[in-house]
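Working notes for the structure below.
Here the structure is a predicted model, which means the values were calculated and not measured. For ligands, and for the atoms within them, numbers begin at 1 and follow the listed sequence.
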Amino acid sequence: MPSPIVIVSDALPGETLAVLKSACDVRHLDGRDRKALFAALTDADALIVRSGTRVDAEVLDRAPRLRVVGRAGVGLDNVDTITAAARGIAVVNAPGSNTVSVAELTVGLIVASARHITAAARSLEDGQWRRSEFAGVELAGRTLGIVGYGRVGRQVARRMAAFDMRVLAHDPYADIADADVHATGLDELLATSDVVTLHLPRTPGTAGLIGARELSLMKSTAYLVNTARGGIVDESALTRALREGRPAGAALDVFATEPPGSSPLLALPNVVALPHLGASTHDAQLRAGREVAGKVLAELAPLLSPSPTAV
Ligand SMILES: NC(=O)C1=CN([C@@H]2O[C@H](COP(=O)(O)OP(=O)(O)OC[C@H]3O[C@@H](n4cnc5c(N)ncnc54)[C@H](O)[C@@H]3O)[C@@H](O)[C@H]2O)C=CC1
Ligand SMILES: O=C(O)CCC(=O)C(=O)O
């Protein structure tokens, strides 16, 4: 029996690739090259992606043999799960694999915002020594508002409570029962928080959740941190709001379109921008790779002989 064909269209750890190669014919390409992706999918049994490959109906149309799409990470907003389900294609991901990495990056962005770390570092690299301009604020005693109290939101709450912040959380679907975390409505959270951090998925229901009205509720001294998804925030409204100084600044790991090209957000002095690094630790990538490889091989089991290397 020929080995099943697995297309890998984003970067995966060597260990994951080795596991897949022990049982499958693994082919690499850059998933942003749609032409190459379409051509490779004609005889593919599995496709493994991260956030860089859009797996829409057009992609699935080109893949008549596809049994499984593996998402080496959490967010499934780049995969058309409805079309996949209608065609009997399994979609598997690795929930929890990168929770700690995203929470730790979020802590970094909160501290960087409160203390102007990136702007001050850039200024010194430019040969300037402007200490008073970069005076920040302490986080202790101030209020953190968490929108989306799932895996990442909870880990951020724990870590920032250790900074002695008062923690609010808004999540219509979660049980917010942790001591020292106060459940609130979204508007109240936006109006009272010194830092607002987003940890919810991008879905048709959350796209544009943070728009002009919501931003206008924030304090002029507050910061918005987004390590969730770009499309949750209306970027045009955010650009206008940041130019007007309400909120005071934003730290963004994610953008509505990635890479964000010439987004005006990148040129604003009160924006800290990263190239979607929340899950980019060796630890998280190894966990995500192991989990997704195991799940993909399980879906391919009927095509495998002899049985695959255990993962
Ligand atoms: N920057 C990065 O590299 C990464 C970003 N992410 C993003 O972070 C998001 C959260 O990840 P997890 O915590 O693992 O997901 P999760 O599924 O554990 O938590 C998401 C929470 O959002 C809540 N939620 C849904 N709609 C909401 C709404 N309208 N208002 C408030 N809360 C709402 C859900 O009830 C859930 O509790 C992912 O969906 C993904 O988009 C995840 C991993 C890496
Ligand atoms: O590593 C990636 O592809 C991004 C991680 C991410 O955003 C996710 O897991 O949802």
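Contact annotation for Arg202 and ligand 1: no heavy atom of the residue comes within less than 4.0 Å of the ligand. Neither the backbone nor the side chain of Asp10 comes within 4.0 Å of ligand 2, counting heavy atoms alone. Contacts of Arg229 with ligand 2, taken as heavy-atom pairs under 4.0 Å, involve the side chain alone.
Separating the NZ atom in Lys35 from the CG atom in Leu29 is a distance of 13.5 Å, to the nearest 0.5 Å.
Protein heavy atom nearest atom 1 (O) of ligand 2, with residue, atom name and distance: Arg50 NH2, 2.8 Å. Among protein heavy atoms, the minimum distance from atom 38 (C) of ligand 1 is reached at Val74 CG1, 4.2 Å. Atom 8 (O) of ligand 1 has as its closest protein heavy atom Ala228 CA, 3.9 Å. In terms of protein heavy atoms, atom 6 (N) of ligand 1 is closest to Arg229 NH1, 3.7 Å. Remark: minimum distance from atom 9 (C) of ligand 1 to any protein heavy atom is reached at Leu200 O, 3.8 Å. Counting protein heavy atoms only, atom 26 (N) of ligand 1 is closest to Tyr173 CE1, 3.4 Å. The shortest contact between atom 31 (C) of ligand 1 and any protein heavy atom is with Pro172 CD, 3.4 Å. Atom 6 (C) of ligand 2 has Arg71 NH2, 3.3 Å as its closest protein atom, hydrogens excluded (heavy atom only). The nearest protein atom to atom 19 (O) of ligand 1, hydrogens excluded, is given as Gly150 CA, 3.3 Å; this is a heavy-atom distance.
Listed by atom number, the atoms of ligand 1 under 4.0 Å from Asn98 heavy atoms are 43 (C), 44 (C). Taking every non-hydrogen atom of His199 and a distance limit under 4.0 Å, the qualifying atoms of ligand 1 come out as 10 (C), 20 (C), 21 (C), 22 (O). Listed by atom number, the atoms of ligand 2 under 4.0 Å from Gly75 heavy atoms are 8 (C), 9 (O), 10 (O). In the vicinity of Tyr149, heavy-atom distances shorter than 4.0 Å reach the ligand 1 atoms 37 (O). Residue Val102 approaches ligand 1 through these ligand atoms, each under 4.0 Å from one of its heavy atoms: 4 (C), 43 (C), 44 (C). Each of the following atoms of ligand 2 lies closer than 4.0 Å to a heavy atom of Gly73: 9 (O). Of all atoms in ligand 1, numbered sequentially from 1 with element shown, those under 4.0 Å from a heavy atom of Pro201 are 20 (C), 22 (O), 25 (C), 39 (O). Against a heavy-atom cut-off of under 4.0 Å, His276 is close to the following atoms of ligand 1: 1 (N), 2 (C), 3 (O).
Smallest separation of non-hydrogen atoms from Leu12 and Ala72: CD2-CB, 3.6 Å. Contact record, Pro4 with Leu300: CB-CD1, 4.1 Å, taken as the closest heavy-atom pair. Contact detail for Leu266 and Pro260: the closest heavy-atom pair is CD1-CG, 3.9 Å.
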- [ ] Show your reasoning for whether side-chain contact (heavy atoms from CB on, under 4.5 Å) applies to Asn93 and Glu291.
- [x] CA-CA 8 Å; Asn93 66 345; Glu291 186 170 343; over 6 Å; no

- [ ] Output, in order, the C-alpha distance, side-chain angles, deciding distance and verdict of side-chain contact (heavy atoms from CB on, under 4.5 Å) for Ile110 and Met160.
- [x] CA-CA 9 Å; Ile110 294 171; Met160 296 320 297; 4.0 Å; yes

Task: Stepwise side-chain contact (heavy atoms from CB on, under 4.5 Å) check, Asn226 with Leu109 - done: CA-CA 9 Å; Asn226 188 4; Leu109 290 175; over 6 Å; no

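Between the side chains of Thr197 and His199, at least one donor N or O lies within less than 3.5 Å of an accepting N or O. Residues Gln155 and Arg151 have side chains that never bring a donor and an acceptor to within less than 3.5 angstrom of each other.
Checking only distances, Arg151 does come within under 3.5 Å of ligand 1, N or O to N or O. Of the polar atoms of Asp171, at least one N or O is found under 3.5 Å from an N or O of ligand 1, judged by distance alone. Taking any N or O of Thr227, backbone or side chain, at least one lies under 3.5 Å from an N or O belonging to ligand 1. Between Ala279 and ligand 1, an N or O atom pair is found at a separation short of 3.5 Å. Some N or O of Val74 is nearer than 3.5 Å to an N or O of ligand 2, by distance alone. Considering both main-chain and side-chain atoms, Ala279 never comes within under 3.5 Å of ligand 2 through any nitrogen or oxygen pair. Residue Val152 places at least one N or O, backbone or side chain, under 3.5 Å from an N or O of ligand 1. At a 3.5 angstrom cut-off on N or O pairs, Thr206 does not count as close to ligand 1. For Asp77, no nitrogen or oxygen atom sits less than 3.5 Å from a nitrogen or oxygen atom of ligand 1, counting backbone and side chain alike.
Distances from atom 32 (N) of ligand 1 to the heavy atoms of Ser101, Gly148, Gly205, Gly96 put Gly148 nearest. Across Glu258, His276, Gln285, Arg202, heavy-atom proximity to atom 4 (C) of ligand 2 is greatest for His276.
Annotation: Glu15, atom CD; neighbour count of heavy atoms from other residues, nucleotides and ligands within 6.0 Å is above 12.
With Asp171 contributing its side chain and Tyr149 its backbone, the two residues share a donor-acceptor pair below 3.5 Å. A donor-acceptor pair under 3.5 Å links the side-chain atoms of Thr239 to the main chain of Glu235, judged by distance alone. Under the 3.5 Å distance criterion, the side-chain polar atoms of Asp45 are left unmatched by any main-chain donor or acceptor of Leu66. Panel note: side chain Asn270, backbone Leu242; a donor-acceptor pair is recorded below 3.5 Å. Looking at Asn78, its side chain does come within 3.5 Å of a backbone N or O of Arg50 through a donor-acceptor pair.
Using a cut-off of 4.0 Å between Lys/Arg side-chain N and Asp/Glu carboxylate O, Asp43 and Arg65 are scored as not salt-bridged. A salt bridge is defined here as a Lys NZ or Arg NE, NH1 or NH2 lying under 4.0 Å from an Asp or Glu carboxylate O, and Arg71 with Asp10 fails to meet this definition.
Ring planes of Phe134 and His116: tilted class, angle from 30 to 60°.
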